[in-house]
Number of protein chains: 2
Amino acid sequence: MADFRGRPAYLQIADDIRSQIIDGTLQAEDRLPSEADLMADYGVSRIVVRNAVEVLRSEGLVVKQQGRGSFVRAQRPQRTRVVGDLYSERPEASPFAASARASGQVPEWEYQTRRTTASKTIADRLGITAGDPVMRTSYRFFADGEPAMLSTSFEPLAITEGTPVEQPEGGPVTGVVPRMDAIGIHITHVVEDVTGRSARPYEAETLKVPVGVPILAIERTYYAKSRPIETADIVVSSDRYVLSYRLPVPPRTDRPTPI
Amino acid sequence: MADFRGRPAYLQIADDIRSQIIDGTLQAEDRLPSEADLMADYGVSRIVVRNAVEVLRSEGLVVKQQGRGSFVRAQRPQRTRVVGDLYSERPEASPFAASARASGQVPEWEYQTRRTTASKTIADRLGITAGDPVMRTSYRFFADGEPAMLSTSFEPLAITEGTPVEQPEGGPVTGVVPRMDAIGIHITHVVEDVTGRSARPYEAETLKVPVGVPILAIERTYYAKSRPIETADIVVSSDRYVLSYRLPVPPRTDRPTPI
DNA sequence: TCGTCCTACTTGTTATAACGTGTCGAGTGT
DNA sequence: ACACTCGACACGTTATAACAAGTAGGACGA
């Protein structure tokens with residue numbers, strides 16, 4: 001392979017394939033040439049073509065499957081977790097629920113609830129003291145039979161203990177806001193802190209995505225006035241989800257000094 | 001190296017080093033043993049130790065520097081891009097300036113504005129026709145002198161052409177909301193669609209992060225009623241930023257039926 | 001003293017080779 | 001017709017080898 005500008009061969013090959021993906025020569029789901037083909041096409045060793053494809057894989061443009069080949073990855077995420085004026089905590093509940101249930105035995109979500117005590121991190125987020133009793137609930141949400149979202153929520157038992165809504169699931173009402181309404185606590189706002197990072201091994205396994213794929217991690221906390229009521233760690237594959245936040249912009253009332 | 005469970009050696013070594021990072025044996029900024037050291041320590045070939053370190057690099061736990069070594073990467077993001085309160089408290093200030101001030105940073109940015117025509121993607125987002133004239137502005141935001149955020153915004157010239165606020169920057173007022181207020185268009189809400197993915201080469205270079213590090217990509221669109229007024233593509237390193245969304249939860253009577 | 005050069009050490013790139021493991025279809029036997 | 005086997009082919013893992021390129025510190029000369 002001509003050593004153009006001294007730029008490493010594997011990067012040039014990656015550039016070449018990438019441009020083919022962008023200009024549509026290679027389309028979503030298409031199989032890339034095999035490693036042997038690429039070796040012949042570019043006249044390089046296998047390690048070079050593997051490095052090239054690895055670059056594209058780390059960019060999320062390509063997925064590899066042992067025994068089958070490397071494939072151009074579908075680009076746009078398909079599902080949207082909408083958060084905003086019409087706040088919904090169960091994105092699967094509406095459009096996807098039917099198909100998920102119809103197509104298999106897998107329920108839309110499964111959960112596990114247990115009493116435990118607050119770690120320091122959770123205590124800070126809930127405004128309580130480390131070691132205070134909390135109700136911890138872990139969820140796995142499914143869409144089309146595939147794991148799509150993980151969530152672990154924490155509620156101070158000081159708030160719910162002994163009430164009809166002590167159990168987050170299986171009671172007369174579900175969802176944090178209605179449950180808290182039922183015991184006279186009215187949620188006023190929710191804060192979501194969003195970060196992106198690579199999937200940890202446990203998350204990759206549970207969400208059935210390749211290790212290292214970027215995921216979105218959300219720290220969500222519900223408040224009644226300034227009092228934290230519930231907090232949760234939510235993990236979604238950024239392949240499959242867009243987070244859509246719709247925020248009101250109130251009309252201008254005053255005119256503070258500009259920047 | 002003992003071939004435990006048939007799990008590949010490089011993954012076992014990655015596990016080993018990862019646990020040392022998590023339990024603090026290796027702390028932030030510490031140098032990992034060199035490849036030669038790891039080869040000797042684990043009794044494997046260089047390709048195995050390189051694969052192992054590559055796993056950690058793709059997880060964002062480690063950065064490599066040619067000629068120096070591999071280093072444990074500082075973990076937690078330090079800055080927060082707050083969205084929510086800002087729109088109600090200080091509608092005049094641009095979100096970035098307000099966020100930077102909130103974290104005690106001096107905001108700096110550079111920009112480039114030019115007239116162009118809308119691509120199909122942008123036209124769809126702005127509710128106009130592909131080829132319609134738009135004003136395109138690319139920003140690079142800095143914090144502490146380091147590039148921190150990239151943004152490319154588009155405004156239909158049908159809205160601003162010939163007005164005092166045709167230029168997004170350099171005019172009497174800045175920020176989308178106040179500028180549009182000045183010409184009688186009142187922004188009612190903003191939608192931010194958040195996705196996570198790996199940094200593309202251009203983004204990695206411009207943001208000065210390693211290639212493949214996860215970034216957060218935001219599609220932001222301002223609306224006046226249901227009419228799109230401005231849309232922007234924003235990219236931030238997920239290492240350095242948390243997106244914090246504060247959303248009101250309307251009182252019970254206004255709320256849609258719970259799940 | 002100070003700057004330059006050299007060298008040792010580090011990761012980066014590439015080649016060759018071999019075997020392991022997963023996939024899939026063609027061929028075979030019932 | 002159908003199930004099973006097997007082999008071709010794909011990517012996965014690992015070894016050995018060599019040279020390139022970036023870094024840092026010590027040796028050396030001005």
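A quick note: this is a predicted structure, and the numbers were derived from the prediction, not measured. Chain letters run A, B, ... following the sequence lines, proteins first and then strands; every chain starts at 1.
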Under a 4.0 Å threshold between the charged nitrogen and the carboxylate oxygen, would [Y] count as salt-bridged to [X]?
{"X": "A/Asp233", "Y": "A/Arg125", "value": "yes"}
{"X": "B/Arg220", "Y": "B/Glu230", "value": "yes"}
{"X": "A/Glu29", "Y": "A/Arg73", "value": "no"}
{"X": "A/Arg18", "Y": "A/Glu59", "value": "yes"}

Could you state the [atom1]-[atom2] distance from [X] to [N], rounded to the nearest angstrom?
{"X": "A/Asp37", "N": "D/dA8", "atom1": "CG", "atom2": "C1'", "result": "14 Å"}
{"X": "B/Asn51", "N": "C/dG12", "atom1": "CG", "atom2": "P", "result": "12 Å"}
{"X": "A/Phe71", "N": "C/dC24", "atom1": "CZ", "atom2": "C1'", "result": "12 Å"}
{"X": "A/Gln66", "N": "D/dA10", "atom1": "CD", "atom2": "P", "result": "13 Å"}
{"X": "A/Gln65", "N": "C/dG22", "atom1": "CD", "atom2": "C1'", "result": "10 Å"}
{"X": "A/Tyr42", "N": "C/dT13", "atom1": "OH", "atom2": "P", "result": "18 Å"}
{"X": "A/Ile47", "N": "C/dT14", "atom1": "CD1", "atom2": "C1'", "result": "7 Å"}
{"X": "A/Arg50", "N": "D/dT13", "atom1": "CZ", "atom2": "P", "result": "7 Å"}

Among the candidates [options], find the nucleotide nearest to the side-chain atoms of [X].
{"X": "B/Ser34", "options": "D/dC11, C/dT10, D/dT23", "answer": "C/dT10"}
{"X": "A/Glu35", "options": "D/dC11, C/dG12, D/dA10", "answer": "D/dC11"}
{"X": "A/Arg68", "options": "C/dT23, D/dT14, C/dT13", "answer": "C/dT23"}
{"X": "B/Lys64", "options": "C/dT11, D/dG12, D/dT23", "answer": "C/dT11"}

Measure distances between side-chain N and O atoms of A/Arg46 and base N and O atoms of D/dT14, and say whether any donor-acceptor pair falls under 3.5 Å.
no

Please determine if a side-chain N or O atom of A/Tyr10 lies less than 4.0 Å away from the OP1 or OP2 oxygen of C/dT13.
yes

Would you say D/dC11 has OP1 or OP2 under 4.0 Å from some side-chain N or O of A/Ser70?
yes

Does a donor on one side chain sit under 3.5 Å from an acceptor on the other, for A/Tyr139 and A/Glu169?
yes

Most 5' of A/Ser45 and A/Gly67 on DNA chain C, judged by nearest nucleotide:
A/Ser45

